[in-house]
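Order of the sequence lines sets the chain letters (A, B, ...), proteins ahead of strands, with each chain counted from 1. Small disclaimer: the values here were computed from a predicted structure and weren't measured.
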There are 2 protein chains.
Amino acid sequence: MPTAARDRAPTFSPLYRQIKALIVASLEALEWRPGDMIPSEMELAARFKVSQGTVRKAIDELAAENLLVRRQGKGTFVASHGEARTQFRFLRLAPDEGEPSYPESRIIEFRRQRAAAEVARVLDLKSGDSVVYLKRVLLFAKRPSVVDELHLPGGLFRGLTAERLAEGRAPLYGTFETDFGVKMIRADEKIRAVAADAAVAQLLEVPTGTPLLQVDRVAFSYGEKPVELRRGLYLTQHHHYRNTLN
Amino acid sequence: MPTAARDRAPTFSPLYRQIKALIVASLEALEWRPGDMIPSEMELAARFKVSQGTVRKAIDELAAENLLVRRQGKGTFVASHGEARTQFRFLRLAPDEGEPSYPESRIIEFRRQRAAAEVARVLDLKSGDSVVYLKRVLLFAKRPSVVDELHLPGGLFRGLTAERLAEGRAPLYGTFETDFGVKMIRADEKIRAVAADAAVAQLLEVPTGTPLLQVDRVAFSYGEKPVELRRGLYLTQHHHYRNTLN
DNA sequence: AAGTGGTCTAGACCACTTT
DNA sequence: AAGTGGTCTAGACCACTTC
């Protein structure tokens with residue numbers, strides 16, 4: 001049978017990318033939730049009326065983008081922040097000695113407030129829209145090592161309260177996806193060296209002026225939608241930010 | 001024709017990975033140099049006696065790893081550090097405002113010396129082996145912004161002299177690949193915040209104690225071979241280290 | 001027109017996991 | 001044994017670049 005053409009965008013888009021977009025739409029609509037198995041390649045091929053190889057290529061790309069995870073013999077699954085595999089993808093601070101571990105979190109402040117102009121701009125909101133503000137200290141092996149400030153769109157995190165996060169050792173992004181259906185896909189970070197001010201120095205139990213890593217993050221969900229603005233101040237006396245250039 | 005089996009490693013390795021290894025071997029042997037076009041998929045398929053699709057899958061992975069670059073209608077080319085595309089893959093310091101640019105370099109020190117224990121360990125040399133030591137200042141828009149110290153295996157960089165690098169605006173890794181056949185593939189970085197000591201502060205024209213980003217890099221060539229140890233101290237008052245988490 | 005990579009199909013068979 | 005993803009093939013045709 002000759003190649004199916006279907007509705008082709010004015011600028012040529014191959015079939016497998018259209019299939020890919022359909023799968024992403026299903027992910028976004030939570031037809032399959034994080035951790036779920038999606039239909040087999042043959043089933044999807046039947047649903048979309050294309051060959052298995054075309055579905056395969058679409059899934060290949062989604063797996064490369066960490067939206068899906070393939071497990072031979074088992075099936076293809078929706079990636080989840082609850083898994084060890086994904087655990088350290090967004091947590092780049094590692095101890096100088098020993099294995100990476102997940103930190104303990106202490107909430108310093110939690111409130112809903114009106115978005116300042118800068119926050120609104122980055123999160124694609126209107127100035128004055130509701131925003132969740134969260135300030136935490138992260139402790140690695142009982143040692144306070146990070147001071148974090150987060151801004152989240154209020155509309156996406158309706159039931160979020162301080163109690164719900166309290167004393168959590170659970171990954172924050174895992175909570176976001178299971179409790180609020182907000183899936184973090186990608187993040188951009190800008191890193192600088194700064195001196196600790198008095199307030200931060202006290203929280204981290206170091207002298208004022210101690211050099212800290214300042215990590216400004218914007219995290220995105222499906223469709224490049226910004227859903228988190230975060231500033232982290234990292235104490236790097238026993239830890240470092242690890243990165244790989246490919 | 002049934003599937004060719006060939007010499008199969010004890011743990012199963014698919015054909016396309018064996019093909020991939022053969023292509024990497026040719027790259028390593030400089031059969032095709034950076035910037036060169038490699039043979040077409042059909043030619044390689046004939047050479048290796050496999051189908052075009054199998055060669056294609058091997059090349060797909062090599063392109064994903066940035067060892068090869070595909071150009072539709074033209075051919076497949078060996079990736080080169082001389083291209084704009086690759087330019088900023090290993091240069092993560094970007095100005096807060098405006099477009100990234102390539103810095104001017106000033107050499108502060110250049111000499112050959114015996115490898116200290118730590119340097120030898122990281123570069124996989126013997127203690128006392130010859131090592132090239134290079135210290136530079138990088139200037140963005142006339143502003144000194146980085147102090148860099150590099151250690152390179154002496155054996156790989158035989159003809160390297162200070163004159164050859166002098167006042168170079170050319171990318172260092174481009175020089176390495178064209179002049180010495182050493183191709184940088186991947187690098188690991190560990191980032192910390194530190195305070196500028198007197199010597200560095202003078203070079204960067206800032207007060208002693210100014211917070212700086214300390215970036216420790218180990219760069220690798222083919223086969224995970226370490227070929228560079230580098231420590232950079234970045235002034236982040238008008239620049240930042242950019243990163244994307246996927 | 002010819003040559004390159006890019007897409008799509010259909011079918012066979014392999015490797016891994018579960019029943 | 002059945003179901004899943006993984007590999008490999010052979011052939012057709014499309015899109016892009018160059019001659």
**Message:** Quick one: does any side-chain atom of B:Thr76 pair with a main-chain N or O of B:Ile38 as donor and acceptor, under 3.5 Å?
**Reply:** no

**Request:** Indicate yes or no: does A:Glu28 engage A:Lys225 in a salt bridge with an N to O separation below 4.0 Å.
**Result:** no

**Euclidean distance, atom CZ of residue B:Phe12 to atom P of C:dC16 [Å, nearest integer]** = 8 Å

**Message:** Does B:Glu41 reach a base, just sugar-phosphate, or nothing at all? Heavy atoms under 4.0 Å.
**Reply:** sugar-phosphate

**Request:** Output yes when at least one side-chain N/O atom of B:Lys57 is less than 4.0 Å from OP1 or OP2 of D:dC8, else no.
**Result:** no

**Among C:dT9, C:dG5, D:dG5, the one nearest B:Arg70 by side-chain distance** = C:dG5

**Request:** Can you figure out which of D:dC8, D:dG6, C:dG6 approaches the side chain of A:Arg56 most closely?
**Result:** D:dG6

**Request:** Could you please name the partner base of C:dT17, counting Watson-Crick and G-U wobble pairs only when both distances are under 3.5 Å?
**Result:** D:dA2

**Prompt:** With respect to the side chain of B:Tyr16, which nucleotide from C:dG5, D:dT9, D:dT7 is positioned closest?
**Reply:** D:dT7

**Message:** Can you tell me which nucleotide in C:dT18, D:dG6, C:dT9 comes closest to the side chain of A:Lys74?
**Reply:** C:dT18

**Prompt:** Counting just side-chain N and O atoms, does B:Thr76 come under 4.0 Å of either OP1 or OP2 of C:dT4?
**Reply:** no

**Asked** Of A:Thr54 and B:Pro39, whose closest DNA chain C nucleotide lies nearer the 5' terminus?
**Response** B:Pro39

**Message:** Does anything in residues 22-36 of chain B come within less than 4.0 Å of DNA chain C? Heavy atoms only, and list the residues if so.
**Reply:** none

**Prompt:** Closest to the B:Ser51 side chain: D:dA10, C:dT7, D:dC16?
**Reply:** D:dA10

